[in-house]
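What follows is one structure encoded as structure tokens, with my remarks underneath.
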Amino acid sequence: MDNKLFTPGPLNTKLSVKEAMLHDMGSRDKEFLEVVKEIRSELLVIAGLTPDDGYDTVLMQGSGTFGVESVISTAIPSDGHLLLITNGAYGDRIRQMAEIYGIKTSTLSYRENIVPPTQDVKLALKTDKTITHVAIVHCETTTGIFNDIEGVGMLARKYNKVYIVDAMSSFGAVPIDLKALDIDFLISSSNKCIEGVPGFSFVICKTNTLETCMGQARTVSLDLYSQWIDMQKNNQFRFTPPIQSVLAFRKAIEELQAEGGIGKRSERYQQNYRRLIEGTEAIGLKTYLDKKDQGYIITSFLFPEHPNFDFTRFYESLHQRRQVIYQGKLSDTNCFRIGNIGQLFIEDIDRLLIAIQEVIVEMDVRF
Ligand SMILES: *Cc1c(COP(=O)(O)O)cnc(C)c1O
């Protein structure tokens with residue numbers, strides 16, 4: 001049996017999803033191209049979009065970061081100006097990308113436990129008319145905080161800006177109304193809440209906006225526009241596709257539908273989250289975020305303030321019990337993280353809680 005992964009991805013996947021990979025196929029194989037086509041249209045369905053809504057899906061090789069980078073390096077023209085809103089490591093990664101590509105960027109940066117207030121975004125958009133694009137992370141996986149993509153979306157729409165949302169760790173588990181929020185580019189990947197295996201990211205793009213991006217890409221391999229042209233033509237990746245990962249993903253989408261869609265998956269993750277919070281509170285652990293800002297994807301916990309607490313030992317002892325938690329990523333606070341996504345159920349959370357309790361006793365950490 002595999003370890004239980006309480007991480008932000010890669011995650012535990014269903015056996016059927018892994019089994020879907022037991023095939024060899026050529027990258028130009030008709031059968032494979034049909035799978036790509038199916039995935040592209042199913043992702044629109046999952047996003048609540050119809051073919052008439054003016055959106056299309058582009059798959060991009062690599063992990064989620066590659067998808068984000070394909071958007072940042074393709075969507076913003078050389079005379080563009082990005083307003084980046086960040087409160088964590090994934091937002092900061094976008095800033096790093098923009099810097100490398102020499103993209104003019106204004107950054108609204110917040111502490112990791114603060115939901116960026118929309119009035120700041122409004123002020124920025126009002127005062128600097130040169131801003132062309134707005135980017136934000138939906139669930140900032142650094143902490144698990146849910147950012148206000150609705151509020152920011154309303155402003156991006158009002159001020160007529162291209163709106164980029166990194167919904168990597170939320171898409172498929174948190175309903176997002178792309179049309180109402182007027183999102184131009186939404187990025188997620190194969191190994192997060194759709195519960196596929198790693199291998200590619202996908203970008204749900206407003207076609208009107210993508211059409212304006214020809215020749216803007218600053219890299220060859222991450223050229224989102226060119227990838228779209230080929231996908232539109234014949235559902236082909238421009239370079240070697242992650243065949244098995246794509247096959248697994250198609251199965252993962254079927255499994256998501258069989259579970260009852262985003263609504264049901266969201267419910268399961270929320271149940272996991274509630275049980276985790278009840279259980280860890282009973283043990284004495286404290287969360288980093290305010291409850292009102294905490295999403296149900298992943299939770300950051302403060303290291304217990306007791307001299308016997310040793311994170312490496314805590315992690316290793318849990319690992320020996322086949323429970324894999326995740327290290328923290330905060331700039332100034334010692335935390336570890338526990339995710340609720342992937343093939344995890346209440347029983348798994350209960351087993352994790354028992355293991356945590358055992359290790360806490362073993363280390364003689366007292367609250
Ligand atoms: C997982 C994740 C990414 C991508 O990370 P990779 O390691 O490249 O898959 C980007 N943004 C957010 C918010 C994420 O959770």
Side-chain angles (χ1 to χ4, degrees), residues 5-13 58-73 75 82 84-98 100 109-110 112-113 115-116 134-149 152 163-174 176 183 185-204 219 221-222 224 242 245-246 248-249 252 265 269 273 288-289 293-300 324-331 335-342 344:
L5 305 175
F6 297 90
T7 65
L11 309 165
N12 291 117
T13 56
V58 185
L59 312 186
M60 182 61 79
Q61 297 94 329
S63 77
T65 303
F66 293 61
V68 175
E69 188 150 357
S70 76
V71 172
I72 299 300
S73 63
L82 174 67
L84 172 67
I85 302 145
T86 175
N87 56 344
Y90 294 97
D92 292 347
R93 194 175 288 175
I94 295 179
R95 176 162 51 187
Q96 207 183 341
M97 291 171 187
I100 279 188
S109 187
Y110 299 87
E112 289 140 328
N113 58 354
V115 175
V134 177
I136 189 168
V137 177
H138 183 205
C139 172
E140 181 45 92
T141 319
T142 313
T143 54
I145 202 166
F146 275 180
N147 286 331
D148 182 9
I149 58 167
V152 173
Y163 189 30
I164 299 166
V165 178
D166 171 350
M168 204 69 63
S169 61
S170 54
F171 184 80
V174 183
I176 301 171
I183 296 174
F185 299 96
L186 178 140
I187 310 122
S188 186
S189 79
S190 58
N191 63 278
K192 302 247 170 162
C193 298
I194 309 281
E195 299 187 359
V197 305
F200 65 97
S201 55
F202 54 87
V203 188
I204 303 180
T219 87
S221 56
L222 297 176
L224 184 71
S245 168
V246 169
F249 193 71
R265 181 149 298 176
Y269 290 171
Y273 166 71
Y288 168 72
L289 290 176
D293 302 324
Q294 177 68 59
Y296 50 84
I297 302 294
I298 191 165
T299 306
S300 279
V324 181
I325 61 164
Y326 212 59
Q327 74 212 43
K329 211 182 175 116
L330 293 179
S331 49
C335 276
F336 60 86
R337 288 180 283 175
I338 298 178
N340 309 302
I341 59 180
L344 294 174

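Every number for a ligand or one of its atoms is a count from 1 in the order of the listing. Being a predicted model, the structure only gives us computed values, none of them experimental. Counting from 1, the numbers follow the sequence of the chain as shown.
Shown in contact with T141 at under 4.0 Å from a heavy atom are these atoms of ligand 1, numbered in order with element: 12 (C), 13 (C), 14 (C), 15 (O). The ligand atoms of ligand 1 that sit less than 4.0 angstrom from a heavy atom of C139 are 13 (C). Taking every non-hydrogen atom of V137 and a distance limit under 4.0 Å, the qualifying atoms of ligand 1 come out as 13 (C). Listed by number with element, the atoms of ligand 1 under 4.0 angstrom from any heavy atom of K192 are 1 (C), 2 (C), 3 (C), 14 (C), 15 (O). Near G64, meaning under 4.0 Å from any of its heavy atoms, are these atoms of ligand 1: 4 (C), 6 (P), 8 (O), 9 (O). Ligand-side atoms of ligand 1 in range of T65: 4 (C), 5 (O), 6 (P), 8 (O), range being under 4.0 angstrom from any heavy atom. For ligand 1, the atoms lying closer than 4.0 Å to a non-hydrogen atom of S169 are 15 (O).
Relative to atom 6 (P) of ligand 1, the option among P10, S63, G62 with the closest non-hydrogen atom is S63.
For atom 3 (C) of ligand 1, the closest heavy atom belonging to the protein is M168 CG, 3.3 Å.
Contact annotation for S189 and ligand 1: no heavy atom of the residue comes within less than 4.0 Å of the ligand.
Using 4.0 Å as the threshold, S170 has no heavy atom nearer than that to any atom of ligand 1. Distances from ligand 1 to the non-hydrogen atoms of R93 include at least one value under 4.0 Å. The closest approach between a heavy atom of V68 and any atom of ligand 1 is not below 4.0 Å.
When all heavy atoms of P10 and L5 are compared, the pair lying nearest together is O-CD1, 3.6 Å.
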Before giving the answer on ring-ring contact (aromatic ring centres under 6.0 Å, His included), spell out for F66 and F200 the whole-Å C-alpha distance, their side-chain angles and the decisive distance to 0.1 Å. CA-CA 8 Å; F66 293 61; F200 65 97; over 10 Å; no
